[in-house]
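Here's the structure, in structure tokens; my notes come after.
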Amino acid sequence: MNNPALSRKPSRGLMGFPSEPQEHPQTVWAEALADDDGGRRTLYLHIPFCRSRCSFCLFYSGSATDSERAGYVRLLAKELNDWSERLPPSPINAVYFGGGTPSDLAPQEMELLLGILRSRYPLANDCEITLESRLNGLTDRKIDAAIANGVNRFSLGVQTFDTELRRRLGRVSDRETVLETLGRLTARNQASVAVDLLYGLPGQTPELLLADLETLLNSGVSGLSFYRLNVRPTSELAGQLAAGTMPPVPPEETIYRLYEQAEERLEAAGVKRLSFKHFSFDPRERNLFNEISAWKVPCLPFGLKARGRLGAYQFRQTVDMAVYRSCVETGAKPVERAGKLPPDYPVAFRLTGQLNSRMTADPAFIAAAAPPELRETVRRVLCEQLSELEREGLAAATAYGGWKLTRMGRFRFYPVATRLLEEIAKCWEMESK
């Protein structure tokens, strides 16, 4: 089914990989669904609304009244119900409620959506269900409703515990509120409680970050996602920095020192590393959605602006509420963009998964995903590039023909991964000549 409202031609690039725009996204979705052969998969639900905007965020879609939010939830519930019978019966390994602010849902709205997932979808026995949460407004009723209906992981964007720094970034809650909320969650002993911290914040010093880490290690939470601040040119924060109304972002050497300090402190605490940016403090924290997604397995999208992946394609659902409503009410999948991945995507996905989750690269393992006639070329190119990265101090050779990222390589993860991906793509370009 093709909806005229979704006839706009998509741009290149979805979910971090280049892709060739397809003219009829809904037809592509149906074909990808028909060709799906099962395997690991995740499901993503998008709740687009926030009560306030953080200065560094590009995902803000505006706030919503109670009635507007309730209307959106009814549509999202219909989309979930309608597609529960059209999707393959393969188990879903992880579900992620992202946003926006999913924890702004009312308790009964959480119950509705989670009830549909649990009764209509083939959730794996160990399925991780994450609710991305805001610290302000996460009431006991909401926590209890989430846990009672299957949420077993809360992800909270703390960014920093320092009240002054939080206020500069547009965060509402002060340090005491943050700690009180974390305490209420961890005291229930019912779910993993994971927090995000940012480094490279305007005015952030090694002393401030170390204080954050000490607070975190004594907070009782289950895990940490440690991200570098990315100042997007169109963000409010970029304007504040340009106008001089915000302290400057630390220089690159200081940002590296912040990263180094965090690794050293976490290593000294004996925490378990899950990826180059995720850490587990107790066995409850698996960070399964991100772990699985690193390997770019199928991701089924639901809701306004949701992004997903299926087969050789990437998808994004409409960003227009009126179009979303029209599609859902007529039973159409509201995909607005579809992009076909390049032919090297099985190799690229294996590389990104191994780099992200294991912080290693095994050329033979990665090349095995290539067509037989290209495997040796891919393996050779990767060996050459990894040897060069070793000379630059970004990787170190290991036994059995692999390389591991050094601390500097982990710090520069994205340019390192991009470089390797670009070199892999050239193997297909050479083959086509």
Under 30°, 30 to 60°, or over 60°: which ring-plane class applies to [X] and [Y], parallel, tilted or perpendicular?
{"X": "Phe276", "Y": "Phe413", "value": "parallel"}
{"X": "Trp29", "Y": "Trp83", "value": "perpendicular"}
{"X": "Phe349", "Y": "Tyr345", "value": "perpendicular"}

Does any N or O in the side chain of [X] come within less than 3.5 Å of the main-chain N or O of [Y], such that one atom is a donor and the other an acceptor?
{"X": "Tyr324", "Y": "Gln317", "answer": "no"}
{"X": "Arg166", "Y": "Ser173", "answer": "yes"}
{"X": "Glu423", "Y": "Val381", "answer": "no"}
{"X": "Ser357", "Y": "Gln354", "answer": "no"}
{"X": "Lys142", "Y": "Ser103", "answer": "yes"}
{"X": "Thr163", "Y": "Arg175", "answer": "yes"}
{"X": "Gln22", "Y": "Glu20", "answer": "yes"}
{"X": "Ser219", "Y": "Leu216", "answer": "yes"}
{"X": "Arg375", "Y": "Ala370", "answer": "yes"}
{"X": "Gln261", "Y": "Pro206", "answer": "yes"}

- Message: Working note: Cys127 + Val95, criterion side chain to side chain contact (heavy atoms under 4.5 Å, CB included); need CA distance, chi angles, decisive distance, verdict.
- Response: CA-CA 7 Å; Cys127 182; Val95 175; 4.0 Å; yes

Checking side chain to side chain contact (heavy atoms under 4.5 Å, CB included) for the pair Val297/Asn93: CA distance, chi angles, key distance, verdict? CA-CA 11 Å; Val297 302; Asn93 300 101; over 6 Å; no

Side-chain touch [X]/[Y], heavy atoms, less than 4.5 angstrom:
{"X": "Leu217", "Y": "Val271", "answer": "yes"}
{"X": "Leu156", "Y": "Phe154", "answer": "yes"}
{"X": "Val347", "Y": "Ile366", "answer": "yes"}
{"X": "Met321", "Y": "Tyr72", "answer": "yes"}
{"X": "Glu291", "Y": "Glu128", "answer": "no"}
{"X": "Ser84", "Y": "Leu117", "answer": "no"}
{"X": "Thr65", "Y": "Phe49", "answer": "no"}
{"X": "Thr42", "Y": "Tyr96", "answer": "no"}

Minimum heavy-atom distance between [X] and [Y], given as atom pair plus value:
{"X": "Cys327", "Y": "Pro334", "answer": "CB-CB, 3.7 Å"}
{"X": "Leu241", "Y": "Val231", "answer": "CD1-CG1, 3.9 Å"}
{"X": "Gln159", "Y": "Asp212", "answer": "O-OD2, 4.5 Å"}
{"X": "Pro48", "Y": "Leu304", "answer": "CG-CD2, 4.1 Å"}
{"X": "His46", "Y": "Gly100", "answer": "CE1-N, 4.3 Å"}
{"X": "Pro250", "Y": "Gly200", "answer": "CD-O, 3.6 Å"}

Within 6.0 Å of [atom1] in [X], more than 12 heavy atoms from elsewhere:
{"X": "Arg40", "atom1": "CZ", "value": "yes"}
{"X": "Lys404", "atom1": "NZ", "value": "no"}
{"X": "Lys277", "atom1": "NZ", "value": "yes"}

Q.
Regarding Ser293 and Asn290, do their side chains bring together a donor and an acceptor under 3.5 Å, going by distance alone?
A.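 No pair is found: no donor N or O on one side chain lies under 3.5 Å from an acceptor on the other.
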
Face-on cation placement of Arg410 at Phe226 ring, 6.0 Å and 45° thresholds: no

Q.
Does the structure place the NZ or CZ of Arg228 under 6.0 Å from the centre of the six-membered ring of Tyr259, at an angle of no more than 45° from the ring's axis?
A.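 So Arg228 doesn't make the cation-pi contact.
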
From [X] [atom1] over to [Y] [atom2], what is the distance, rounded to the nearest 0.5 angstrom?
{"X": "Glu236", "Y": "Leu169", "atom1": "CD", "atom2": "CG", "value": "10.5 Å"}
{"X": "Ser280", "Y": "Asn287", "atom1": "OG", "atom2": "CG", "value": "9.0 Å"}
{"X": "Leu131", "Y": "Asn152", "atom1": "CG", "atom2": "CG", "value": "11.0 Å"}
{"X": "Glu132", "Y": "Leu45", "atom1": "CD", "atom2": "CG", "value": "12.0 Å"}
{"X": "Lys305", "Y": "Asp320", "atom1": "NZ", "atom2": "CG", "value": "10.5 Å"}
{"X": "Ile147", "Y": "Ile129", "atom1": "CD1", "atom2": "CD1", "value": "12.0 Å"}

Ion pair [X]/[Y], N-O distance below 4.0 Å:
{"X": "Asp162", "Y": "Arg168", "value": "no"}
{"X": "Asp66", "Y": "Arg69", "value": "yes"}
{"X": "Lys426", "Y": "Glu422", "value": "no"}
{"X": "Asp104", "Y": "Arg134", "value": "no"}
{"X": "Glu285", "Y": "Arg153", "value": "yes"}

Q.
Under the criterion side-chain hydrogen bond (donor to acceptor under 3.5 Å, both in side chains), I'd like the reasoning laid out for Asp174 against Thr177: C-alpha separation, chi angles, the key distance, then a yes or no.
A. CA-CA 5 Å; Asp174 58 17; Thr177 301; 2.8 Å; yes

Check the pair Thr245, Gln240 against side-chain hydrogen bond (donor to acceptor under 3.5 Å, both in side chains), reporting the backbone distance first and the verdict last. CA-CA 5 Å; Thr245 58; Gln240 293 171 337; 5.3 Å; no

Could you give me the CA-CA distance, side-chain angles and deciding distance for Leu237 and Leu229, then say whether side chain to side chain contact (heavy atoms under 4.5 Å, CB included) is met?
CA-CA 11 Å; Leu237 179 58; Leu229 175 68; 3.9 Å; yes

field: Residue pair Tyr199, Gln204: steps toward the side-chain hydrogen bond (donor to acceptor under 3.5 Å, both in side chains) verdict
entry: CA-CA 8 Å; Tyr199 67 100; Gln204 190 178 44; over 6 Å; no

- request: For Leu198 and Thr160, run side chain to side chain contact (heavy atoms under 4.5 Å, CB included): C-alpha distance rounded to whole Å, both residues' side-chain angles, the deciding distance at 0.1 Å, then the answer.
  value: CA-CA 7 Å; Leu198 288 176; Thr160 176; over 6 Å; no

